[in-house]
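Every chain is numbered from 1 and lettered A, B, ... according to where its sequence line falls, protein lines coming before strand lines. Just the heavy atoms: all of them, side chains too, but no hydrogens, waters or symmetry mates, feed the values below.
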Protein chains: 2
Amino acid sequence: MATGESRAPGGAAPEGYDKYAFEPFAVTVDLAVLTVRAGALQVLLVERGREPYAGRWALPGGFVLPRESAEAAARRELAEETGLSDISGLHLEQLRTYSEPDRDPRMRIVSVAFAALLPDAPEPHGGGDAAQAQWLRFNALGPLAFDHDRILADAHERVGAKLEYSCLATSFCPPEFTLGELQHVYETVWGTALDRPNFRRKVLATPGFVEQVPGAARLTGGRGKPAALYRAGGAKVLHPPLLRPTS
Amino acid sequence: MATGESRAPGGAAPEGYDKYAFEPFAVTVDLAVLTVRAGALQVLLVERGREPYAGRWALPGGFVLPRESAEAAARRELAEETGLSDISGLHLEQLRTYSEPDRDPRMRIVSVAFAALLPDAPEPHGGGDAAQAQWLRFNALGPLAFDHDRILADAHERVGAKLEYSCLATSFCPPEFTLGELQHVYETVWGTALDRPNFRRKVLATPGFVEQVPGAARLTGGRGKPAALYRAGGAKVLHPPLLRPTS
DNA sequence: CTGACCATGGTCAGACTGACCATAAAGAGG
DNA sequence: CCTCTTTATGGTCAGTCTGACCATGGTCAG
């Protein structure tokens, strides 16, 4: 920025910034908080209590405070909505900014959208709005408030794409997980079935993706052979990527 | 947004939005306009004439107008900076939003950054600031104004990554181009050399990436065998991707 | 004890990649 | 005119990776 002073609206002020020679906007953050739970991709939504879009589901979010960045605002809102104390390790990623002039019918609002990935999916129980916050299955969502359908679709697309070439999937898993659970994340987000032996081979052949927890094993719900437990490794990217089935 | 009215700063106004119960921000766009010219990746920069960062190079950009989206603002600024009349077909992509409270020492500014890819690289000659706008080689840039180093680095990383799995490279090329020129785009952006026969094979084996212009051929500067001309095909993504050398 | 279920290991053909070699067509320079 | 350099284009070949399988082993529900 800072190069367009001479074209700033609201007056031809050479001093530009200092005279507020521009239209001020409200800046908010919107959060697409995703988790894999009960065999489905779920998203944290709040029910709107008043117009516009009263009764509709909406993404949690709120205003950016005067002295905080959008990232900080997103973390703050996330902590408030979910009631989680430890949000230091979770994956929070800026999606993009939505700035259509009429996206909020009341006034001009520019919103920075984030995607957050939660492993465990506790029931939301924070202060304030969190009382109305709820996990909903990604499919079979009615139309959301504002342009939140679009934001959610973008979040889904981004996360699905990042699973291909990054180790992001572990962010959906608890600290220790089985390869079956990890595969389930991929299958749920992508909506496709994967071949289990091939998935294992690929994941284990990628150095730093996962590392086995020595000795430990978990019985996945009691059914079948106990699976070995793994932790997320140090790697962040997958080379070569784990591509979606092309069909 | 629109869900955090009760937590809006500046007063516990239940009416929230209508009372401006928030801090207004200035919203700008910053443009990382990239091209491949003279065998190098180049970026359009403007020289700052006043403090802060007087004399430093900065990304072009400006304020978002009251009734326009950030995308529209980016297109408007781009047209003004480059003086191009036809900016309908070029690739303009939102990068991310930079909102650190002190990124501009004068006041709080939230900036939405875009990457634009130009094929031909005409000398900038628009109205207004464009007089000072100039193409500079991507490497050997001194430190830029504000956090524009960071923005430019993010743009480079994004474009480099998108070359792998999309047909974006054709956006750097004129409407008709040779495979050698297309390969040159990859090599310049990635900073690595590619094997020519293998590159050809890969590109031609990807349906919809490029389509040959029948009959036409161009002598690439007079040297060597004339090359066949190609146009961008209808495809947008590369499946499987064209990965960077791992070294 | 048996079958269902899941984890794990292995095989095998086809696709893809990287590293090459070979040839063709043009200009540059003697 | 001939040769060298340069670029485009075509092909080979071995190694790797992938997708589609088959097989085995451990655990629980009957």
Do any N or O atoms of the protein come closer than 3.5 Å to N or O atoms of nucleotides 24-30 of chain D, and which pairs are they?
unit_1: dG26(D); atom_1: N2; unit_2: K225(A); atom_2: N; d: 2.8
unit_1: dC28(D); atom_1: O4'; unit_2: G222(A); atom_2: O; d: 3.4

Atom [atom1] of [X] and atom [atom2] of [N]: how far apart are they, to the nearest Å?
X	N	atom1	atom2	value
L243(B)	dT18(D)	CG	P	10 Å
L229(B)	dT7(D)	CG	C1'	14 Å
L182(B)	dT7(D)	CG	P	17 Å
H239(A)	dT18(D)	NE2	C1'	17 Å
R244(B)	dT17(C)	CZ	P	16 Å

(message) Angle between the two end axes of the helix from dC1(C)-dG30(D) to dG30(C)-dC1(D), five base pairs per end, rounded to 10 degrees?
(response) 0°

Considering only heavy atoms from C-beta outward, does the side chain of [X] approach that of [Y] to under 4.5 Å?
X	Y	result
F138(A)	T188(A)	no
F172(B)	L118(B)	no
D149(B)	D147(B)	no

(request) Give a yes or no on whether the backbone of F209(A) and the side-chain of T206(A) come within a donor-acceptor separation of less than 3.5 Å. (result) no

(request) Kindly give the heavy-atom pair with the smallest separation between Q42(B) and W135(B), and that separation in Å. (result) OE1-CB, 3.2 Å

(message) Does the structure place the NZ or CZ of R96(B) under 6.0 Å from the centre of the six-membered ring of Y98(B), at an angle of no more than 45° from the ring's axis?
(response) yes

Would you give me the side-chain donor-acceptor pairs under 3.5 Å for residues 228-240 of chain A, sequence neighbours excluded?
unit_1: R231(A); atom_1: NH1; unit_2: E176(A); atom_2: OE2; d: 3.2

(request) Please check if any side-chain donor atom of Q134(A) sits under 3.5 Å from a side-chain acceptor atom of E47(A), or the reverse. (result) no

(message) Within residues 186-209 of chain A, which residues have any heavy atom lying less than 4.0 Å from an atom of DNA chain C?
(response) R196(A), P197(A), R200(A)

(message) Run the salt bridge (charged side-chain N to carboxylate O under 4.0 Å, His left out) test against E157(B) and tell me which residues pass, sequence neighbours left out.
(response) none

(message) Please enumerate all residues that pass side chain to side chain contact (heavy atoms under 4.5 Å, CB included) together with E93(A), with sequence neighbours excluded.
(response) H91(A), R158(A), K162(A)

(request) Considering only NZ, NE, NH1 and NH2 on the basic side and carboxylate oxygens on the acidic side, decide whether R75(A) and E71(A) come within less than 4.0 Å. (result) no

